[in-house]
Q: 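Structure incoming, see below.
Reckoned from all heavy atoms, side chains included, excluding hydrogens, waters and symmetry mates.
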2 protein chains.
Amino acid sequence: MKNYDNQNKVLLAVDCIIFGFDKKNLKILLIKRDFEPEKGKWSLMGGFLKNDENLDTAATRVLNHLTGLDDIYMEQLRSYSALDRDPVERTVSVSYYALINIEGHDTLNENFSAKWFNIDEKPDLIFDHNLMVKNAMSRLRYRASTKPIGFELLPEKFTMKQLQTLYEAILGENLDKRNFINKINGLDILIKTDEKDMNSSRKGSFFYTFDAEKYQLKVSDGFAFKL
Amino acid sequence: MKNYDNQNKVLLAVDCIIFGFDKKNLKILLIKRDFEPEKGKWSLMGGFLKNDENLDTAATRVLNHLTGLDDIYMEQLRSYSALDRDPVERTVSVSYYALINIEGHDTLNENFSAKWFNIDEKPDLIFDHNLMVKNAMSRLRYRASTKPIGFELLPEKFTMKQLQTLYEAILGENLDKRNFINKINGLDILIKTDEKDMNSSRKGSFFYTFDAEKYQLKVSDGFAFKL
DNA sequence: ATTTGGAAGTGTAAAAAATACATTTATAAA
DNA sequence: TTTATAAATGTATTTTTTACACTTCCAAAT
């Protein structure tokens, strides 16, 4: 047998839910369609799987094409295969989410009309993209409580307040400042620098950095991140 | 624009990780390939997506084809797309897991050489199916602790011991009998029948049933299953 | 009728984790 | 030097989780 004859092939796409954080709000990157159908509506950035790449590669390519960024945290979510999900042609799509530290990396490919939206001000999207975003949010919430992926969204140096604000945005609830700090400090994976952010207050607040090496060491000693 | 021209199409398959429980052991249903390549090796049950069905439908069809069963709990897991994962032809596969109450439902389609294996006696599988099973186990563990899916694997009436044995098999660890019972009873979603299972001991142990209605009511009141 | 063996059934104390909560401190600007 | 404002800090309480051992019930054997 040389190949699987007479089986239906299908168009396979990837769609990226791109999350970012600007020190205050959790954001999502969307593009405005400038072609039919649904011209003028907002959508996720996507692309078709090519014969010479796997899905992770395709998702990375699509993200890179829009943002120019490499080495971004991405994770496959799930497949969407409703028969009529794309009115143009039957297409199955696999969603991925990406976490971007917006700081400095806000230069987007001009060929797309892309825009960052606050997650709670997201416009209505085409096809089943609203559902994809909803599912991505729920995965993000889960992941953020079991892996320190939150740090992917922050600049190298961040304040406790920024970290807490980010987690509040992800979890969608307010957290008690003292309990939050106690818990984070208990994890023992942050380094307190001697620099201060003087923008937010007169007193200034210390910058921290995430200690990836220490984190990895702890993980290999059986430590499991749990926020 | 009528369709997406010049884009590569791909074969899309579903592969099913079929879990069962026989009152003692967590099991997985595998089929023996009677064609090349890898003839004689064990594999997951799978099939190709057809043009007129979505992935859930395809997975349900594949499962039904092998077991004759309908109305089985299935959940999509993830996609596997390595370029060389199937030596015959480039194929992307979406894995699903199913939970079957083996009790009485052990008649399998004779056209496949299918066999139930204890999960810890699983043979080596073809392609990337070992990885699929590993990932399915980890999803099963997570789901079993956040949704009462364990009950899908049990017959309508079951003893506390059977339920505990099942959860031990899923979680891969021994649980304290009293703590387990206290926790389950605390959930208040079981009905204690006045029948006893006289097979396991002279004293006999009471049968319980899962109260799906009560569970649904509690869920809509904001209750979240957490074991 | 009595004994026996073995799983079923049951509760509590201790430890750990999560939560609720209010005052002091540092600094720039007025 | 006063003031305004966010940063920083600790503890008591409640809830959850864990550890742990004896009694009960019944069929089978005597």
Side-chain angles (χ1 to χ4, degrees), chain A residues 23-25 141-142 144-146 154-155 157-209 218 222-227, chain B residues 23-25 141-142 144-146 154-155 157-209 218 222-227:
Chain A
K23 295 183 179 165
K24 290 200 82 168
N25 296 291
R141 266 194 295 277
Y142 171 59
S145 68
T146 55
L154 290 163
K157 291 172 188 172
F158 50 86
T159 67
M160 275 289 179
K161 183 67 188 298
Q162 285 161 14
L163 182 60
Q164 180 177 345
T165 303
L166 169 59
Y167 269 87
E168 286 177 333
I170 291 176
L171 299 175
E173 60 184 326
N174 293 329
L175 303 172
D176 178 89
K177 175 169 55 165
R178 277 166 298 182
N179 292 342
F180 181 78
I181 292 175
N182 287 161
K183 210 159 188 177
I184 293 290
N185 282 333
L187 297 173
D188 188 31
I189 52 177
L190 293 193
I191 300 167
K192 186 177 190 167
T193 72
D194 49 10
E195 289 174 77
K196 276 186 167 184
D197 174 11
M198 298 309 291
N199 297 315
S200 58
S201 75
R202 293 181 177 161
K203 183 178 180 178
S205 58
F206 283 102
F207 279 118
Y208 289 78
T209 59
K218 288 173 79 85
F223 163 84
F225 179 90
K226 180 78 213 307
L227 191 82
Chain B
K23 293 182 180 166
K24 290 200 83 168
N25 295 292
R141 266 194 294 279
Y142 171 60
S145 68
T146 55
L154 290 163
K157 291 173 187 171
F158 51 85
T159 67
M160 275 289 180
K161 185 67 190 297
Q162 286 161 15
L163 183 61
Q164 182 179 342
T165 304
L166 169 59
Y167 268 88
E168 286 177 334
I170 292 175
L171 300 175
E173 60 183 326
N174 293 330
L175 303 172
D176 178 88
K177 176 169 55 162
R178 278 167 296 182
N179 291 342
F180 182 78
I181 293 175
N182 287 161
K183 210 159 187 176
I184 294 289
N185 282 333
L187 297 174
D188 188 31
I189 52 176
L190 292 192
I191 300 168
K192 186 180 193 168
T193 72
D194 48 10
E195 288 174 77
K196 276 187 169 184
D197 173 10
M198 298 309 292
N199 297 316
S200 58
S201 75
R202 295 183 175 156
K203 184 178 181 176
S205 58
F206 283 101
F207 279 119
Y208 290 77
T209 59
K218 288 172 79 86
F223 163 84
F225 179 91
K226 180 77 215 305
L227 191 80

Q: Starting from P on dA27(D), measure out to CG on D197(B) and report it in whole angstrom.
A: 13 Å
Q: Starting at CZ of F158(A) and ending at P of dA7(D), how long is that distance when rounded to a whole Å?
A: 15 Å
Q: Between dA26(C) and S201(A), is there an OP1 or OP2 to side-chain N/O distance shorter than 4.0 Å?
A: no
Q: Assess the residue pair T165(A) and N25(A) against the criterion (side-chain contact (heavy atoms from CB on, under 4.5 Å)); give the C-alpha distance rounded to whole Å, side-chain angles, the decisive distance to 0.1 Å, and a yes or no.
A: CA-CA 8 Å; T165(A) 303; N25(A) 296 291; over 6 Å; no
Q: Return no unless some side-chain N or O of K196(A) is found under 4.0 Å from OP1 or OP2 of dT27(C).
A: yes
Q: Side-chain donor or acceptor of K203(B) under 3.5 Å from a matching atom on the base of dA8(C)?
A: yes
Q: How many whole angstroms separate atom NZ of K161(B) from atom C1' of dG6(C)?
A: 11 Å
Q: Which pair of heavy atoms, one from K218(A) and one from I189(A), lies closest together, and at what distance?
A: CD-CG2, 3.9 Å
Q: Should K183(A) and L187(A) count as side-chain neighbours, where that means a heavy-atom distance under 4.5 Å?
A: no
Q: Take the protein atom CG of N199(B) and the nucleotide atom P of dC26(D), then report the distance between them rounded to whole Å.
A: 16 Å
Q: Counting side-chain heavy atoms from CB outward, which of dT27(C), dA8(C), dA8(D) is closest to F206(A)?
A: dA8(D)
Q: Calculate the interatomic distance between Q164(A) atom CD and dA8(D) atom C1'; express it in whole Å.
A: 12 Å
Q: Take atom CZ of R202(B) and atom P of dG9(C), then tell me their distance rounded to the nearest Å.
A: 16 Å
Q: Salt bridge (Lys or Arg N to Asp or Glu O under 4.0 Å) with E168(B): which residues, sequence neighbours excluded?
A: none
Q: Tell me, with the steps shown, if L175(A) and E173(A) meet side-chain contact (heavy atoms from CB on, under 4.5 Å).
A: CA-CA 6 Å; L175(A) 303 172; E173(A) 60 184 326; 4.3 Å; yes
Q: Give, ordered by number, those residues of residues 168-192 of chain B having at least one heavy-atom distance below 4.0 Å to an atom of DNA chain D; if nothing qualifies, reply none.
A: D176(B), R178(B), N179(B)
Q: Would you mind writing out the side-chain donor-acceptor pairs for residues 201-208 of chain A within the sub-3.5 Å range, not counting sequence neighbours?
A:
from: S201(A); atom 1: OG; to: K203(A); atom 2: N; distance (Å): 3.4
from: S201(A); atom 1: OG; to: G204(A); atom 2: N; distance (Å): 2.8

Q: Just the rounded figure in Å: distance from P of dC26(D) to CE of M198(B).
A: 7 Å
Q: Just wondering, do D197(B) and Q162(B) contact through their side chains at under 4.5 Å, heavy atoms?
A: yes
Q: Are OP1 or OP2 of dA7(D) and a side-chain N or O of S200(A) less than 4.0 angstrom apart?
A: yes
